[in-house]
Amino acid sequence: MCALFFSPYSLILEENHESCEDIIGDEGIGDHPGDTEAESLKLKPKIKMIKFMKHQKNSKSAAALNPETPIDVDFKTIEGIADSPGDPKMECQKHKHKIKISDKMKILDFMKRQMNLKSAPTLTPETQSDMDFNGNLEQNRLAEAQQQLVAAEEHLFGSNEVARAEDEEDKLLTNYEIFMIRLRMAIYDSFNKENNETLKSALTSILQEEAQDRRWDEVAVEQRPIWRPTKCRELHDTLLQAVVEERMKNADEQENGADKLSTSLKREVCRIGKQVQKDLLRVVRELRECYPPDFDICRMYSQLYHQAFSNRLQELAKSSIDFEDCLYILSWIVDYYPRDVLKHKELKEHIKNSSLGPLLPEEHLKTLEEQYFSYKEHEVTKWLSNALEKEVIKWIDGTEPELMDGCYFSNLAVDVIPLVDVTVREVKSILGCESKAQNILCQLDNFLIRYMKSLEELLKTKQENIPNTLSANLVSIHQFRYYVQRAENNFSEETRTACLSTLSDLKSFCHKYFLSRIHTDLKPIYHKLWTQVWFTGHHEVVEELVKALENNTDHFKEMKPECLEELLDELHKDVMVEYVRRMMKRKLKLKDKEQQEAAAKFICQDSSKICSVFTKVGSKQEWLSQILPRLAEILRLQDPGSLQIEIVTLERVYPDLSEQHVLAVLNLKTNLSSSDLRRIKGCLREHRGMLDTESSPSFFSKVLVKRKIL
């Protein structure tokens with residue numbers, strides 16, 4: 001496209017420099033009305049205008065209507081433009097369309113009057129209808145002024161038969177330049193609240209100019225006015241981009257609260273990010289009402305601000321930044337920008353997120369994410385190592401564990417779990433990646449394995465306060481297990497299983513320390529069970545066992561209740577297993593019905609007393625109280641059929657009851673025939689495949705029968 005027309009300023013300066021200074025005078029160019037956010041449109045004093053005119057003189061020509069190179073009126077906003085060199089259309093028109101000095105003086109005089117215009121008097125409809133081109137421009141009636149230009153254009157160029165006077169064409173060219181300058185100013189002043197009516201008129205004039213461009217598209221190039229097409233819509237879009245870039249560049253740091261942030265990068269990202277939100281809210285609340293629907297102005301502004309923000313983030317991401325700045329950029333990308341801008345309650349219905357694209361290209365985003373994740377992995381590893389080392393130092397020094405509510409307590413889990421959990425949640429939020437969050441949790445299993453080894457090393461020291469230390473660590477083990485078991489946490493099944501297995505080993509390790517000492521104390525009493533001593537002096541043996549249990553469980557008063565309950569549950573089960581194991585060793589033979597009924601009675605009494613001790617100290621394993629009475633019933637029954645039913649029932653309740661276990665009990669009854677034993681064995685095998693082994697408790701599998709019974 002050929003250049004549209006020359007800049008009047010360069011010619012004025014060239015032909016009559018002194019006249020320019022006389023016109024500008026001492027008054028300068030006044031401020032354009034507007035609020036504080038529109039002050040970028042204030043015009044400079046005469047010295048800057050003279051510099052501008054000198055700059056324009058160096059251009060071969062100026063295309064005031066070229067949307068890609070807007071004229072700079074105030075040096076702060078609107079950028080100067082020049083024609084492309086060697087434009088044949090422009091070269092051929094230079095001599096034909098020389099603008100007279102008087103016309104150029106009119107342009108500058110008009111601009112001076114426009115910039116000094118603080119307010120316009122209220123006009124009646126009659127005076128408005130009689131207003132000429134300059135009068136309409138002075139009153140910011142750009143749509144009306146444009147219609148007058150089009151009317152003049154049609155008069156001059158509407159018919160090939162009408163002879164065009166060079167002066168008239170030059171005058172119309174000059175008026176178009178004046179109009180385009182005012183149009184640029186109105187668009188560039190979009191964020192000035194007092195400019196709304198002017199902007200509406202400017203937008204109407206743009207639509208009218210677009211229609212006129214289409215009208216001239218049907219006419220041969222040589223027959224069109226030199227300024228056609230004016231491409232005012234492209235001019236508008238280009239200027240909006242300049243407006244956005246300028247506002248992003250000049251965003252107020254203090255106004256947005258960015259000055260309180262710790263680094264210059266954080267301050268800049270916060271400043272421009274909040275400027276995006278602030279300006280888009282202005283667009284939705286104010287500018288949207290000024291624009292015709294086909295401009296789709298909310299979409300246009302959101303894309304421009306999104307792209308400007310993206311461009312700056314890309315520049316920052318390419319530079320060498322530390323972890324804190326990396327995290328801050330990622331936080332804006334995944335949290336602040338989507339939440340505070342794209343999903344803001346006033347903006348979300350006007351912004352089409354799908355059309356905006358990512359704030360950072362994938363390659364830049366991936367680099368930041370890798371830097372962030374690598375740092376977080378290292379950070380968690382360091383936290384875990386430091387926490388365990390701190391705990392081990394206390395053990396080595398023999399430091400007595402803390403007491404909380406009268407119970408020994410370890411801070412290890414309290415120190416570790418929140419740090420790990422916060423990191424996992426942050427990683428998942430920032431990276432949006434479940435697998436990366438799970439990778440952080442993988443470190444917890446390695447930590448627990450090191451924890452186990454540290455406790456094993458502690459036992460080798462044989463320090464006096466080991467029982468108290470283990471009591472305290474059972475609290476941490478319990479807390480770790482609760483955290484791992486929670487379904488809402490981001491463990492992979494593999495990691496969860498591994499952690500729970502290690503925690504089970506940790507608990508068993510601590511329990512074994514305590515229980516082995518108790519069982520050592522109880523061993524002499526166990527040896528008396530189901531012997532002739534027990535059968536003849538039953539009362540004394542069971543009382544001895546109960547007293548020993550009470551004495552040993554009394555040592556755990558300073559253990560946290562939930563940990564004590566688990567320990568007592570295991571001890572309760574161990575005692576019952578040992579009782580049944582001693583019973584199945586068959587060192588006592590029950591020859592007749594009377595002895596079998598007496599033994600059954602003793603078993604029930606023993607069960608009641610043992611379970612009462614554990615219930616009293618906090619065991620919740622009530623199901624254990626039913627095992628000995630069921631075995632006693634097998635001893636008591638004499639009828640083979642009833643005995644068979646009772647054994648099948650027992651097998652259904654305890655599927656881990658084996659044939660060897662049953663035969664070991666039946667062998668206590670020396671009066672049972674071989675044929676009865678065969679029928680019972682056959683019945684057991686017949687019902688074996690119908691048992692539900694998953695929902696039933698495990699007990700008899702822990703009772704070892706050393707000698708196989710046929």
Worked verdict on Glu377 versus Ile440 for side-chain contact (heavy atoms from CB on, under 4.5 Å): CA-CA 6 Å; Glu377 270 194 319; Ile440 296 292; 3.8 Å; yes

Glu210 side chain vs Arg233 backbone, donor-acceptor pair below 3.5 Å: yes

Straight-line distance of Lys348 NZ to His344 NE2, nearest 0.5 Å: 10.0 Å

Any side-chain heavy-atom pair of Ser302 and Leu356 under 4.5 Å: yes

Donor-acceptor contact below 3.5 Å, side chain Asn195 vs main chain Ala186: yes

Asn311/Gln307 under side-chain hydrogen bond (donor to acceptor under 3.5 Å, both in side chains): CA gap, chis, key distance, verdict: CA-CA 6 Å; Asn311 291 341; Gln307 190 58 52; 2.8 Å; yes

N/O donor-acceptor pair under 3.5 Å between Ser374 side chain and Gln371 backbone: no

Close side-chain approach of Leu347 to Val284, heavy-atom, < 4.5 Å: yes

pair Glu268-Leu316: side-chain heavy atoms closer than 4.5 Å: yes

Parallel, tilted or perpendicular: rings of Tyr337 and His306 (30°, 60°): tilted

Heavy-atom closest pair, residues Ile187 and Val243: O-CG2, 4.3 Å

Whether Asp322 side chain and Asp325 backbone form a donor-acceptor pair below 3.5 Å: yes

Modelled atom types, side-chain donor and acceptor of Asn140 and Arg182, under 3.5 Å: yes

Whether Ser205 side chain and Ala202 backbone form a donor-acceptor pair below 3.5 Å: yes

Residues Glu197, Lys200: salt bridge by 4.0 Å N-O rule: yes

pair Leu330-Cys326: side-chain heavy atoms closer than 4.5 Å: yes

Distance in Å, Glu209 CD paired with Cys232 SG, rounded so as to fall on 0.5 Å steps: 4.5 Å

Heavy-atom closest pair, residues Trp332 and Cys270: CZ2-CA, 3.9 Å

Side chain proximity check, Asn136 to Asp132, heavy atoms < 4.5 angstrom: no

Under 3.5 Å: donor-acceptor pair, side chain of Gln241, backbone of Leu304: no

Side-chain ion pair, Arg228 and Glu153, N-O less than 4.0 Å: yes

Heavy-atom closest contact (Ala308 atom, Val244 atom, distance): CB-CG1, 4.1 Å

Salt bridge Glu246-Lys249, side-chain N to carboxylate O under 4.0 Å: no

Contact check, side chains of Leu172 and Trp227, non-hydrogen atoms, under 4.5 Å: yes

Side-chain donor or acceptor of Arg267 paired with backbone N/O of Leu261 under 3.5 Å: yes

Salt-bridge criterion met for Asp213 and Lys231 (N-O under 4.0 Å): no

For the student: nearest non-hydrogen atoms of Ser190 and Leu287, plus distance: O-CD2, 3.1 Å

Donor-acceptor contact present, side-chain Gln275 to main-chain Met248, <3.5 Å: no

side-chain contact (heavy atoms from CB on, under 4.5 Å) between Gln223 and Phe157, intermediate numbers included: CA-CA 8 Å; Gln223 296 178 6; Phe157 296 91; over 6 Å; no

pair Ser262-Glu324: side-chain heavy atoms closer than 4.5 Å: no

Separation of Leu203 CG from Gln208 CD (nearest 0.5 Å): 11.0 Å

Presence of salt bridge, Lys366 and Glu363, under 4.0 angstrom: no

Arg215 and Glu154: CA distance, side-chain angles, deciding distance, salt bridge (charged side-chain N to carboxylate O under 4.0 Å, His left out) verdict: CA-CA 11 Å; Arg215 173 253 190 273; Glu154 290 295 331; 2.8 Å; yes

Phe309 ring center near Tyr336 ring center (under 6.0 Å): no

Side-chain donor-acceptor pair present, Tyr305, Asp279, cut-off under 3.5 Å: yes

Rounded distance [0.5 Å steps], CG in Asn439 versus CG in Leu431: 10.5 Å

Side-chain heavy-atom pair Ile181, Met185 within 4.5 angstrom cut-off: yes

Interatomic spacing from CD1 in Ile333 to NE2 in His364 - rounded to 0.5 Å: 10.5 Å

Quiz item: cation-pi between Arg247 and Phe191, 6.0 Å / 45°: yes

Atom pair CZ (Arg184) and CG (Asp189), whose distance is rounded to the nearest 0.5 Å: 15.0 Å

Within 6.0 Å of CD in Glu218, more than 12 heavy atoms from elsewhere: no

Exam field: side chain Ser310 to backbone Leu359, donor-acceptor pair closer than 3.5 Å: yes

Test side-chain contact (heavy atoms from CB on, under 4.5 Å) applied to Ile321 and Ile329, step by step: CA-CA 10 Å; Ile321 59 177; Ile329 292 177; 4.0 Å; yes

Audit row: Glu144, Gln139, side-chain hydrogen bond (donor to acceptor under 3.5 Å, both in side chains) steps and yes/no: CA-CA 10 Å; Glu144 290 77 2; Gln139 298 302 320; over 6 Å; no

Expected output: side-chain Ser201 to main-chain Leu142 donor-acceptor under 3.5 Å: yes

Worked verdict on Glu379 versus Lys376 for salt bridge (charged side-chain N to carboxylate O under 4.0 Å, His left out): CA-CA 5 Å; Glu379 191 175 45; Lys376 279 298 180 183; 3.0 Å; yes

For a quick test of your reading: what N or O donor-acceptor pairs under 3.5 Å do the side chains of residues 289-298 make, sequence neighbours left out?
unit_1	atom_1	unit_2	atom_2	d
Tyr291	OH	His236	NE2	2.8
Asp296	OD2	Arg299	NE	2.9

Among Arg425, Lys428, Gln438, the one residue meeting side-chain hydrogen bond (donor to acceptor under 3.5 Å, both in side chains) with Asn490: Lys428

Evaluation steps, side-chain contact (heavy atoms from CB on, under 4.5 Å), between Ile272 and Val276: CA-CA 6 Å; Ile272 60 180; Val276 172; 5.6 Å; no

